[in-house]
Amino acid sequence: MLDEIRVKFNASRLNKRINKAQEAFTNQVKIDTAQYVPAQTLKLSGSTEIRNKNTELVYRTPYAHYQYIGLVRTDSRERTFVGSGEKKPILTGRPLKHNKSIHPKATSKWFEASKKAYLSKWISLVKDIIKNG
């Protein structure tokens, strides 16, 4: 004779908490990270979108990638400012100098800076929502 014990687990309540925690986490990352995003006009930080079921923050400007990398880019004549439609394909080894008048903590790799400052807060937020709903 085979003895067995069956335990049925209904994950719907836990899944609701996980989804709620994911949404809260992503929104909090967006809020906490904004102060590290380079800004002259707030166009870059204002372009932030939350996508893929609250798992991605996307900065939607043509220059977001280069601001994040933090290196000056130029065209073949070493111009940093070019006309509309012209391309600046060359990355130099020179670091960008970020304007800090709007965001004094502005930096390249702004997510990493924010994570360093707020990771324990984010972990606590997620744990609290998972535990308490």
Side-chain angles (χ1 to χ4, degrees):
M1 177 173 189
L2 180 65
D3 287 334
E4 64 183 30
I5 297 173
R6 292 183 187 207
V7 177
K8 291 187 178 186
F9 179 69
N10 181 346
S12 65
R13 193 169 85 192
L14 179 59
N15 285 335
K16 286 178 186 174
R17 288 183 183 188
I18 289 169
N19 291 337
K20 183 178 177 182
Q22 180 69 56
E23 181 178 1
F25 166 72
T26 306
N27 281 308
Q28 194 62 54
V29 169
K30 179 181 175 183
I31 291 165
D32 292 339
T33 302
Q35 65 187 313
Y36 296 97
V37 177
Q40 280 185 296
T41 64
L42 294 175
K43 187 174 180 181
L44 179 57
S45 58
S47 75
T48 312
E49 293 180 358
I50 297 173
R51 293 186 184 167
N52 293 330
K53 298 180 182 177
N54 294 303
T55 63
E56 291 180 351
L57 283 179
V58 178
Y59 295 83
R60 294 192 63 234
T61 65
Y63 51 87
H65 174 75
Y66 293 99
Q67 287 287 325
Y68 197 79
I69 291 171
L71 297 175
V72 174
R73 66 181 180 146
T74 67
D75 68 0
S76 60
R77 294 185 285 174
E78 296 191 15
R79 296 180 304 163
T80 55
F81 295 97
V82 296
S84 178
E86 293 183 86
K87 300 206 183 258
K88 297 191 286 190
I90 301 167
L91 266 178
T92 69
R94 299 188 320 259
L96 286 173
K97 294 179 183 164
H98 299 290
N99 181 324
K100 297 184 184 259
S101 61
I102 295 176
H103 291 158
K105 295 180 181 181
T107 186
S108 57
K109 297 186 175 85
W110 51 83
F111 173 73
E112 284 79 3
S114 183
K115 181 180 172 183
K116 184 176 180 181
Y118 293 104
L119 182 60
S120 60
K121 173 185 172 183
W122 299 340
I123 290 170
S124 294
L125 171 71
V126 170
K127 281 183 178 179
D128 183 56
I129 293 171
I130 298 293
K131 182 178 178 182
N132 302 312

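Atom set for the values below is all heavy atoms of this structure, side chains included, hydrogens, waters and symmetry mates excluded. Here, residue 1 is the first one in the sequence, and each next residue gets the next number.
Atom NZ of Lys109 is separated from atom NZ of Lys116 by 14.0 Å, given to the nearest 0.5 angstrom. We find the CD-OG1 distance between Gln28 and Thr33 to be 9.0 Å, quoted to the nearest 0.5 Å. Note that the CG atom of Leu44 and the CD atom of Gln67 stand 6.5 Å from one another [nearest 0.5 Å]. Residue Lys30 holds its NZ atom at 13.5 Å from OG of Ser114, rounded to the nearest 0.5 Å.
Crowding of Glu112 atom CD: a count of heavy atoms from other residues, nucleotides or ligands under 6.0 Å exceeding 12. More than 12 heavy atoms of other shown residues, nucleotides or ligands fall within 6.0 angstrom of atom NZ in Lys100. Counting heavy atoms of neighbouring residues, nucleotides and ligands inside a 6.0 Å radius, atom CD of Glu78 does not exceed 12 of them.
Between Phe111 and Trp122, the ring planes are parallel. Angles under 30° get that label, and only those over 60° would be called perpendicular.
Side-chain contact between Tyr36 and His98 is absent, with no heavy-atom pair separated by less than 4.5 Å. Looking at heavy atoms from C-beta onward, Trp110 lies in side-chain contact with Tyr59 at the 4.5 angstrom threshold. Side-chain contact between Leu57 and Ile50 is present, with heavy atoms from C-beta onward closer than 4.5 Å. Side-chain contact between Lys43 and Tyr63 is present, with at least one heavy-atom pair separated by less than 4.5 Å. Looking at heavy atoms from C-beta onward, Leu14 lies in side-chain contact with Ile130 at the 4.5 angstrom threshold.
Between His103 and Ser45, the closest heavy-atom pair is CE1-OG, 3.8 Å. Shortest non-hydrogen contact noted between Ala113 and Thr107 is CB-CG2, 3.9 Å. The two residues Pro104 and Ile102 have their closest heavy-atom pair at CD-O, 3.4 Å. Closest approach of Pro38 and Ala106 over heavy atoms only: CA-CB, 3.7 Å. Looking at every heavy atom in both residues, Glu56 comes nearest to Asn52 through OE1-ND2, 2.7 Å. When all heavy atoms of Ile90 and Ser76 are compared, the closest pair comes out as CD1-CA, 3.6 Å.
At distances below 3.5 Å, at least one donor-acceptor pair connects side-chain atoms of Thr26 with backbone N or O atoms of Asn54. The backbone N or O of Glu23 sits less than 3.5 Å from a side-chain atom of Asn27, completing a donor-acceptor pair.
Connection of Tyr118 to Leu125 is not established within any shared hydrophobic cluster, with ILVMFWY side chains joined at heavy-atom distances below 4.5 Å, either directly or through further cluster members. Put simply, Val29 and Leu119 are part of the same group of oily side chains (I, L, V, M, F, W, Y) that touch within less than 4.5 Å, one to the next. In the hydrophobic clustering of ILVMFWY residues, with side-chain heavy atoms under 4.5 Å counting as a link, Ile5 and Phe9 come out apart. Note on Tyr66: it clusters hydrophobically with Leu71, by side-chain heavy-atom contacts below 4.5 Å among ILVMFWY residues. Leu96 and Ile69 are assigned to two separate hydrophobic clusters, defined by single-linkage of ILVMFWY side chains at heavy-atom distances under 4.5 Å.
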